[in-house]
Protein chains: 2
Amino acid sequence: MKTDIEIAQEATLKPINQIANNLHLNEDEWEPYGHTKAKLSDKLLKKLHDKPNGKVILVTSINPTPAGEGKSTVTVGLGQALNRLNKKAIIALREPSLGPVMGMKGGAAGGGYSQVLPMEDINLHFTGDLHAITSANNALSAIIDNHIHRGNELNIDPRRIEWKRVMDMNDRVLRQIVVGLGGPLRGVPREDGFTITVASEIMAILCLSTSLEDLKERISKIVIGYTYDEEPVTVKDLRIEGALTLLLKDAIKPNLVQTTENTPAIIHGGPFANIAHGCNSIMATKTAAKLGDYVVTEAGFGADLGAEKFLNIKSRSGEIDTDAVVIVATVRALKMHGGVEKDKLTFENVDALKNGMANLKKHMETIEQFGLPFIIAINKFPTDSEAETNFIQAWCESHGAEVALTDVFAKGGEGGMELAEKVIAVADSNERNFQYTYDVNETLESKIRMITQKIYGADDIELSQKAKKQLAFYEKQGWGKLPVCMAKTQYSLSDNPALLGRPEGFTVSIRELHASIGAGFIVVLTGEMMTMPGLPKRPAAYNMDVTDDGKIVGLF
Amino acid sequence: MKTDIEIAQEATLKPINQIANNLHLNEDEWEPYGHTKAKLSDKLLKKLHDKPNGKVILVTSINPTPAGEGKSTVTVGLGQALNRLNKKAIIALREPSLGPVMGMKGGAAGGGYSQVLPMEDINLHFTGDLHAITSANNALSAIIDNHIHRGNELNIDPRRIEWKRVMDMNDRVLRQIVVGLGGPLRGVPREDGFTITVASEIMAILCLSTSLEDLKERISKIVIGYTYDEEPVTVKDLRIEGALTLLLKDAIKPNLVQTTENTPAIIHGGPFANIAHGCNSIMATKTAAKLGDYVVTEAGFGADLGAEKFLNIKSRSGEIDTDAVVIVATVRALKMHGGVEKDKLTFENVDALKNGMANLKKHMETIEQFGLPFIIAINKFPTDSEAETNFIQAWCESHGAEVALTDVFAKGGEGGMELAEKVIAVADSNERNFQYTYDVNETLESKIRMITQKIYGADDIELSQKAKKQLAFYEKQGWGKLPVCMAKTQYSLSDNPALLGRPEGFTVSIRELHASIGAGFIVVLTGEMMTMPGLPKRPAAYNMDVTDDGKIVGLF
């Protein structure tokens with residue numbers, strides 16, 4: 001089998017103007033970034049306002065495991081398969097973050113014959129969106145510390161600054177630092193830390209904004225911390241929303257690229273999927289829906305986190321109607337949920353698979369709760385046995401669920417034809433009867449209870465003293481009507497990563513909250529969330545190189 | 001008078017493909033970045049190797065003062081004037097750094113009717129070069145700290161790490177920090193600091209590289225610090241030169257834009273002019289020389305720093321032949337050198353002007369030492385009196401020096417016609433009889449003495465104990481044959497910023513050295529050099545905004 005980058009380098013890309021022309025874009029509606037990347041105008045969405053929307057297909061998954069599910073690969077493969085069926089499909093994905101690419105991942109733009117291209121650029125700097133977010137985030141930090149250094153007119157309490165600096169790098173020593181050392185020329189000392197860029201509230205804001213105007217409005221509302229009197233301090237108080245928006249004037253424009261089979265893909269934004277909502281931008285998804293008959297889009301992690309936030313946060317804010325959901329699973333991953341260790345996954349084990357189906361079952365129920373039709377996609381691995389895949393198909397039949405086997409990694413769109421046909425049938429049948437998990441007007445605590453009980457299957461929640469205090473304080477500030485953004489481990493339906501399958505009888509501990517007022521949600525932390533990754537013993541970067549004639553190796 | 005951004009927004013830009021076509025570039029030799037920016041292929045220079053070079057015109061100045069000289073504006077204006085005389089001229093400039101743009105400057109892309117455009121992009125993220133350098137620099141930092149955290153096989157002494165993190169922001173609290181706090185999950189604690197991106201050795205390397213191959217070779221040689229046994233540790237030891245070069249694969253490509261009058265401009269790289277060499281990239285200048293009949297390029301600060309390094313470091317490394325030098329001065333700045341306070345500059349003062357000419361005189365002698373012909377450009381300000389400009393013209397005549405008055409800020413190329421005519425006459429006369437200030441094979445100390453005596457006019461140098469020890473250590477390491485890169489205040493010919501005009505009888509104190517082995521020079525610090533600026537009380541960012549329909553304000 002060829003590596004991802006070898007496949008990518010052998011693919012024949014169309015010039016991006018051809019992709020843009022196929023979408024009937026006018027010259028003033030897009031700009032080239034090199035010959036195979038483009039940015040779409042941020043005015044395009046407004047211009048297309050009256051055009052009917054294409055069908056929106058959300059790709060989600062079971063709780064991820066180290067065995068791998070291939071959700072992005074299925075998303076790309078499905079888009080390609082729809083095009084093979086002569087449907088005008090557009091893929092909407094998140095942008096990879098450079099930190100994980102240099103660390104564990106090596107690359108994050110689909111895989112095999114279902115990739116978005118040019119993967120060498122998409123995985124590195126792409127069109128600079130993450131860099132622009134980094135700049136805006138850190139300009140705000142510099143302005144905060146400069147304000148304090150210059151007399152602190154706003155009475156900001158340096159111990160209560162919640163706004164952190166960011167870097168798009170996996171760099172553990174920046175998690176907890178002391179800045180401002182070395183005397184008066186070097187500012188006022190305080191504790192600080194860096195998170196990775198995708199964890200910046202500005203990333204979440206960019207992804208939830210529907211225009212430049214909306215972006216500026218949201219930025220101005222960011223609460224950076226509190227005064228000595230515990231009053232919130234906003235970006236507006238610091239008078240810097242104009243400059244920050246200016247720094248994002250190009251980052252807000254969705255990026256247009258193509259897949260290995262020349263299917264158009266809009267790749268834009270990539271917020272963390274725990275402390276933020278983990279979806280590509282509203283502008284990307286909505287623009288794709290205006291330009292295509294079908295949009296295939298994905299949300300981060302499993303349906304308990306990704307789909308929940310896609311539907312309760314992103315779709316609510318962006319007025320997006322989802323027509324069908326694809327739940328991705330693999331035989332390997334389901335066996336892990338059924339209790340098999342990672343090094344034993346290559347052996348056939350139908351009993352474990354049977355146990356593992358409980359995890360998939362819960363996510364099916366979740367999507368049913370939302371009132372949305374779904375198809376299960378079993379993403380093929382070479383080690384899957386016939387008995388195992390037969391079992392899954394029989395199980396789905398007996399549960400009245402549509403299922404399709406996909407082999408999009410090895411075969412591209414050709415490996416997703418069955419899935420595509422079933423998706424079309426379901427999406428076109430207009431079976432949706434959508435309902436949110438909660439009414440935003442309920443209290444924060446009530447919304448947390450709804451999600452943990454209905455989506456996770458928890459018995460109860462346990463609030464720390466700090467969380468209780470914060471809930472009361474946030475309600476008092478008038479922030480109680482915002483949706484909640486749950487930060488929970490992705491590996492389990494519960495808040496304990498070790499509990500695979502479908503845990504029952506558990507309580508979710510709510511440790512603390514964080515107010516992302518610009519993004520427009522309250523983050524609810526169920527445990528210690530690491531917002532700055534570290535590098536492994538052997539970072540993926542060690543394999544990366546570019547030869548003298550420009551050939552790139554080591555991205556995979 | 002209109003502001004710079006108003007003038008910029010009223011200018012009619014040609015599509016960048018038209019600019020590229022005028023330069024006879026093939027389609028595979030450049031890539032668009034939007035409609036008015038492009039990147040030139042890094043292979044172009046090799047391809048054009050046998051083409052004869054156009055004339056290289058270096059624009060330098062007297063020691064800068066708060067009164068302003070307008071060196072970049074004259075550079076742009078001169079290029080425009082040459083084009084008005086039907087000469088194929090190309091401008092080669094440095095890229096602005098976002099930090100100062102947000103801080104004091106507001107913008108740095110020429111001024112008035114002599115600007116490079118689109119200034120809104122050039123002053124912000126441009127084509128992402130500085131962001132790529134930031135990423136590469138900080139990836140190296142993360143790899144260093146990860147190496148130590150994972151067992152420190154190379155025996156790196158955390159107290160002797162010289163490689164700092166960088167950010168393209170003016171952020172004083174990052175000057176001196178402690179990282180790695182909070183226990184074993186957060187790495188090994190140590191003292192660290194951020195410098196601004198343009199001070200990164202990677203910026204200097206990028207600007208001195210002639211190909212991707214050369215770039216990787218130089219990166220591998222970077223000395224990041226020392227072991228507990230005081231042995232140098234290089235990037236090659238950390239096996240990360242491939243990944244860092246990969247991160248710079250696009251940043252190495254020179255950027256093509258145009259001026260207010262559609263003159264082509266190659267804007268690429270912008271290293272600090274004290275701890276680095278302060279010039280645009282060798283690839284930019286050489287490519288411009290291959291594509292044009294005249295290249296107008298500039299070097300940072302006055303001739304004592306900028307021209308000295310352009311000629312002794314950049315031109316030596318890049319084999320660039322300079323044909324003529326323009327020394328920029330203003331009546332106001334010369335009066336400051338003659339003892340006038342900033343708030344009295346609007347009053348006529350021929351006596352002060354006369355005194356101030358001593359500064360210009362020294363720089364004329366410096367250029368003569370290099371064996372290069374020069375023209376003095378007096379950049380007009382509205383407050384200049386006739387008596388003052390008459391005095392300068394008479395003075396130049398009596399000293400046998402060519403002089404031209406320029407008014408390129410208010411009039412664009414039209415205001416630089418006299419200068420352009422004189423530049424053509426001098427450059428075409430082949431009067432050059434070039435010689436370096438020193439032979440690189442001499443000792444480091446001898447090279448420092450040559451520069452301080454011949455270029456600054458110092459009597460002697462005084463080496464600190466640390467500098468003495470370092471000189472011996474560097475010679476022993478085999479680094480003695482590298483050129484030296486002087487880090488001195490730009491405001492004075494001496495190392496004391498208060499000594500304006502032409503100080504005499506002074507000694508230059510050499511405080512310490514730094515080995516930039518990848519860049520290929522030894523930095524010689526004559527005082528405390530601030531490599532991370534701070535924000536002023538009222539940062540320029542406060543004025544910046546983008547309106548809902550995308551109009552940009554507050555860049556000037």
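Protein chains get the first letters and strands the later ones, always in sequence-line order, with residue 1 at the start of each.
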*Donor-acceptor pair, side chain of Arg150(B) and main chain of Arg538(A), under 3.5 angstrom*: no
*For the residue pair His131(B) and His131(A), categorise the inter-ring angle as parallel (less than 30°), tilted (30 to 60°) or perpendicular (more than 60°).*
parallel
_Between Lys46(B) and Asp549(A) (salt bridge meaning N to carboxylate O under 4.0 Å), is one present in this structure?_
no
*Val188(B) side chain near Val173(A) side chain, heavy-atom distance below 4.5 Å*: no
*Find out whether Val178(A) and Ile177(B) are in side-chain contact, i.e. whether some heavy atom of one side chain is under 4.5 Å from a heavy atom of the other.*
no
*State whether Lys43(B) and Asp548(A) are salt-bridged, where the test is any N-O pair (Lys NZ or Arg NE/NH1/NH2 against Asp/Glu carboxylate O) under 4.0 Å.*
no
_Check ion pair Asp171(A)-Arg165(B) (N to O, under 4.0 angstrom)_ = yes
*Atom pair OG1/CE of Thr245(B) and Met544(A) - distance to nearest 0.5 Å*: 12.5 Å
*Are Thr127(B) and His125(A) side-chain neighbours, meaning at least one heavy-atom pair lies under 4.5 Å?*
no
_Please rank Glu31(A), Arg175(A), Met169(A), Gln176(A) by heavy-atom pairs under 4.5 Å with chain B and give me the top one._
Gln176(A)
_Are Asp168(A) and Ser135(B) packed together at the side-chain level, in the sense that at least one heavy-atom pair is separated by less than 4.5 angstrom?_
no
*Does some side-chain heavy atom of Arg186(B) sit less than 4.5 Å from a side-chain heavy atom of Leu174(A)?*
no
*Enter the distance from Arg172(A):CZ to Asn146(B):CG here, rounded to the nearest 0.5 Å.*
4.5 Å
*asked:* Can you tell me how the ring of Phe194(A) sits relative to the ring of Phe194(B), calling it parallel under 30°, perpendicular over 60° and tilted otherwise?
replied: parallel
*Listed by chain and number, what are the side-chain hydrogen bond (donor to acceptor under 3.5 Å, both in side chains) partners of Lys236(A), not counting sequence neighbours?*
none
